[in-house]
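Written out below as structure tokens is the structure these notes cover.
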Amino acid sequence: MLKQKKSTNLVALQSKTNELIKRMEKLNLAEYVEMLRDPKRLLWTNFLAGAARGIGMAVGFTLLGALVIYLLQRVVLLNLPGISNFLADIIRMVQEQS
């Protein structure tokens, strides 16, 4: 009885170990550790990631800013009292800056 229970526990442990190995392989942990050991590759990877983030932010901010200015111009064309003059002044200042 005790021997059978140990055998069952060993099978369960082996199954869990195999599952853990599969999950670690999916994480590409070995490649990550290898990259950490190579400083040049780590610096290059981080440089590329930073450049991509910077370009993404610049493009995103430009598109968002253009959309906001377009919407503000539409609001000005509606000629709402009070807000239209205020927005027209802001748009005029932005256009003078660019």
Side-chain angles (χ1 to χ4, degrees):
M1 175 83 171
L2 184 61
K3 189 174 184 178
Q4 185 179 10
K5 189 174 180 180
K6 283 185 178 180
S7 176
T8 305
N9 285 343
L10 281 175
V11 169
L13 181 62
Q14 188 175 14
S15 173
K16 289 285 185 183
T17 304
N18 287 336
E19 182 181 329
L20 184 61
I21 289 170
K22 286 179 184 174
R23 286 186 178 185
M24 287 178 71
E25 286 176 356
K26 283 184 180 177
L27 291 174
N28 293 329
L29 195 58
E31 292 178 14
Y32 180 71
V33 170
E34 187 175 322
M35 185 181 74
L36 290 178
R37 289 182 183 164
D38 187 4
K40 289 179 185 174
R41 185 174 172 204
L42 184 63
L43 285 173
W44 181 248
T45 302
N46 284 331
F47 173 75
L48 289 178
R53 260 186 237 119
I55 291 171
M57 277 192 253
V59 170
F61 184 74
T62 301
L63 291 176
L64 187 63
L67 179 67
V68 167
I69 289 175
Y70 175 77
L71 291 176
L72 289 177
Q73 286 177 337
R74 289 300 209 180
V75 170
V76 169
L77 290 178
L78 292 175
N79 205 12
L80 298 174
I83 194 166
S84 292
N85 291 336
F86 175 70
L87 293 177
D89 290 340
I90 291 175
I91 291 171
R92 194 174 306 117
M93 286 189 299
V94 169
Q95 288 176 343
E96 286 175 3
Q97 292 289 326
S98 56

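Values reported hereafter were calculated over all heavy atoms of this structure, with side chains retained and with hydrogens, waters and symmetry mates removed.
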What donor-acceptor contacts under 3.5 angstrom involve side-chain atoms of residues 69-78, with partners at least two apart or in another chain?
| unit_1 | atom_1 | unit_2 | atom_2 | d |
| --- | --- | --- | --- | --- |
| Tyr70 | OH | Arg74 | NE | 3.1 |
| Tyr70 | OH | Arg74 | NH2 | 3.0 |

Under 3.5 Å, which donor-acceptor pairs link side chains of residues 28-35 to any protein atom two or more places apart or in another chain?
none

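Among pairs with a residue in residues 45-62, none fulfils salt bridge (Lys or Arg N to Asp or Glu O under 4.0 Å), at least two apart in sequence or across chains.
Within a 6.0 Å radius of CD1 in Ile90, more than 12 heavy atoms belonging to other residues, nucleotides or ligands are found.
A heavy-atom distance below 4.5 Å is found between the side chains of Arg92 and Glu96.
Asp38 is linked by a salt bridge (charged side-chain N to carboxylate O under 4.0 Å, His left out) to nothing, counting only residues two or more places apart in sequence or in another chain. Scored by the side-chain hydrogen bond (donor to acceptor under 3.5 Å, both in side chains) test, Glu19 finds Arg23 as partners (sequence neighbours excluded).
Taking CG from Leu20 and CD from Glu25, the interatomic distance works out to 10.0 Å, rounded to the nearest 0.5 Å. For the atom pair CE of Met24 and CG of Leu27, the computed distance is 7.5 Å after rounding to the nearest 0.5 Å.
Using a distance-only test at 3.5 Å, with no hydrogens or angles considered, no donor-acceptor pair links the side chain of Ser15 to the main chain of Val11.
The hydrophobic cluster analysis finds Leu13 isolated: no Ile, Leu, Val, Met, Phe, Trp or Tyr side chain comes under 4.5 Å of it, directly or through other members.
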